[in-house]
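Inspection log for the structure reproduced underneath, given as C-alpha cells.
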Amino acid sequence: MITIENLHKSFGHKEVLNGVDLTVRNGETIALIGASGSGKTTLLRCINFLERAQEGRLTIDDKTVDFKHTSRKDILEIRRKTAMVFQQYGLFKNMNAVKNVSAGLTIVQRIPADKAKEMAVSALEKVGLADKLESYPGELSGGQQQRVGIARAMVLNPCVIMLDEPTSALDPELVGEVLTVIKKLSDAGQTMIIVSHEMNFVKKIADRIIFMDAGIIAEQGTPDEIFTHPKNERTKQFLKNFTEEWVYTI
C-alpha cells in the first residue's frame with residue numbers, strides 16, 4: 001500500500017504539486033495522464049526522493065516519512081522499496097545487459113556477485129532478452145535498452161515500480177515490445193505507477209487513471225469512467241486530443 005498525503009512541491013515561486021493526496025493499493029496499476037507541466041513526473045520523482053517535496057507525508061508498505069523532516073536513512077529505506085524506469089533508459093554504457101541489471105543488487109542490496117548475476121539473467125529472460133545478456137547499450141535498439149531498464153527495476157523486487165514515459169524516446173515500431181513487457185508485469189500483480197501519453201495502452205492496462213492538471217488530481221476513475229464518462233471539464237478538454245491512430249498489439 002502506498003499513501004501520499006498533502007504533497008506540495010515548488011521550484012522557486014512556481015508550485016508544481018499543490019496538495020496531492022493519493023492511495024495506491026498493492027497489485028494496482030495506476031496511470032497518470034495530463035498535459036505537459038501538470039506535475040506527473042514530479043510526483044514520481046518526489047515518491048523516489050529524486051526531488052525533495054516541501055510538505056506532505058509518504059507511506060510505502062510499513063514505512064512512513066514526513067517530507068519536511070526526512071533523514072538520509074529514511075530516504076534509503078524508501079528507495080529500497082521503489083524502482084524507477086526512466087524515459088532515456090539510464091543504462092551504464094560501459095556495462096553489458098547483465099551487469100546493468102545486477103549493479104543495484106550488488107551495490108545497494110549487497111547481494112554476492114554470482115547470485116546477483118543469476119537473478120539478472122532470469123530478469124532479462126523474462127523481458128525477452130535471453131540472447132542479449134552480453135550486449136552493451138550501444139549494441140541494443142531503443143526498445144531493447146528500455147527492456148533492460150525494466151529488468152533492472154524488476155530484479156530489485158520493489159513494492160512499486162514507477163515508469164516515467166517509458167516509450168517516449170522510442171520509434172513507433174519499437175513501442176509495442178516495451179508495452180508488452182509492462183502489460184505482463186501488470187498481469188502478474190506488480191504494483192506500478194505509470195506516466196504515459198499512450199492513451200490506448202493506459203486504457204488496456206490501468207486499474208485506475210489519474211488525470212492531473214495544474215499540480216492537482218483533477219479527476220480519477222476506471223478507464224471506462226475517465227475515457228467514456230469524464231466528469232471534469234478539464235479532463236474532457238484534454239481527451240478531445242486523444243485519437244486511436246496508433247493501436248499496439250500487447
Side-chain angles (χ1 to χ4, degrees), residues 29 41 44-45 47-51 60 72 75-198 201 205 248-250:
T29 297
T41 292
L44 289 192
R45 292 176 66 85
I47 294 172
N48 202 34
F49 280 88
L50 294 173
E51 297 289 352
I60 299 181
R72 291 183 66 182
I75 292 172
L76 278 174
E77 286 187 49
I78 290 293
R79 285 180 174 167
R80 284 175 179 147
K81 295 176 182 292
T82 67
M84 191 90 165
V85 177
F86 299 93
Q87 296 181 38
Q88 298 294 336
Y89 323 135
L91 303 182
F92 297 109
K93 294 182 180 179
N94 63 334
M95 293 184 182
N96 64 25
V98 169
K99 289 184 178 178
N100 261 289
V101 174
S102 64
L105 296 172
T106 55
I107 296 169
V108 178
Q109 298 189 2
R110 311 281 181 166
I111 291 175
D114 56 345
K115 178 61 175 177
K117 181 177 180 180
E118 180 184 326
M119 294 169 67
V121 169
S122 177
L124 286 164
E125 289 173 347
K126 288 176 181 176
V127 299
L129 293 176
D131 60 337
K132 301 292 182 181
L133 304 179
E134 302 299 325
S135 298
Y136 287 80
E139 301 170 325
L140 299 172
S141 70
Q144 290 167 339
Q145 289 185 64
Q146 192 60 291
R147 282 189 278 157
V148 173
I150 293 170
R152 180 176 58 186
M154 290 167 50
V155 81
L156 297 172
N157 193 29
C159 294
V160 58
I161 295 178
M162 297 177 289
L163 302 100
D164 182 19
E165 292 286 2
T167 60
S168 66
L170 300 178
D171 293 333
E173 64 267 24
L174 300 178
V175 169
E177 66 187 61
V178 174
L179 297 184
T180 296
V181 171
I182 298 171
K183 180 68 163 58
K184 287 179 180 178
L185 275 175
S186 177
D187 290 344
Q190 171 65 57
T191 306
M192 290 189 289
I193 307 174
I194 306 171
V195 171
S196 181
H197 284 104
E198 301 287 350
F201 175 63
I205 192 175
Y248 303 103
T249 301
I250 59 174

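Looking at Gln146, its side chain does come within 3.5 Å of a backbone N or O of Phe86 through a donor-acceptor pair. Checking side-chain atoms of Arg45 against main-chain N and O of Glu51 turns up no donor-acceptor pair under 3.5 Å.
Residues Ala116 and Thr106 approach most closely at CB-CG2, 3.5 Å, considering heavy atoms. The two residues Ile194 and Pro166 make their nearest non-hydrogen contact at CG2-CD, 4.4 Å. Among all heavy-atom pairs drawn from Tyr136 and Asn94, the shortest one is CE2-O, 3.4 Å. Scanning all heavy atoms of the two residues, the minimum distance from Asp164 to Gln87 falls at O-CG, 3.0 Å. Nearest heavy atoms, Leu91 versus Gln145: CD1-O, 3.7 Å. Considering all non-hydrogen atoms of both residues, Leu44 and Leu163 come closest at CD1-O, 3.7 Å.
When each of Ile182, Asp187, Leu185 is paired with Ile205, the side chain to side chain contact (heavy atoms under 4.5 Å, CB included) condition holds for Ile182 and for no other. For the side chain to side chain contact (heavy atoms under 4.5 Å, CB included) criterion with Arg79, the lone passing option out of Asn48, Ile47, Ile60, Leu156 is Asn48.
You'll find the side chain of Asn100 reaches within 4.5 Å of the side chain of Pro137, heavy atoms only. Side-chain contact between Met192 and Ser186 is present, with heavy atoms from C-beta onward closer than 4.5 Å. No side-chain heavy atom of Glu139 sits under 4.5 Å from any side-chain heavy atom of Gln144. Using a 4.5 Å heavy-atom threshold, the side chains of Met162 and Thr82 count as touching. Residues Val148 and Lys132 fail the side-chain proximity criterion, which asks for heavy atoms closer than 4.5 Å. Under the 4.5 Å side-chain criterion, counting only non-hydrogen atoms from C-beta, Lys99 is in contact with Asn96.
Taking OG from Ser102 and CD from Glu118, the interatomic distance works out to 12.0 Å, rounded to the nearest 0.5 Å. The distance from the CE atom of Met119 to the CD atom of Gln109 is 6.5 Å, given to the nearest 0.5 Å. Interatomic distance, Ile161 CD1 to Gln190 CD, rounded to the nearest 0.5 Å: 4.0 Å.
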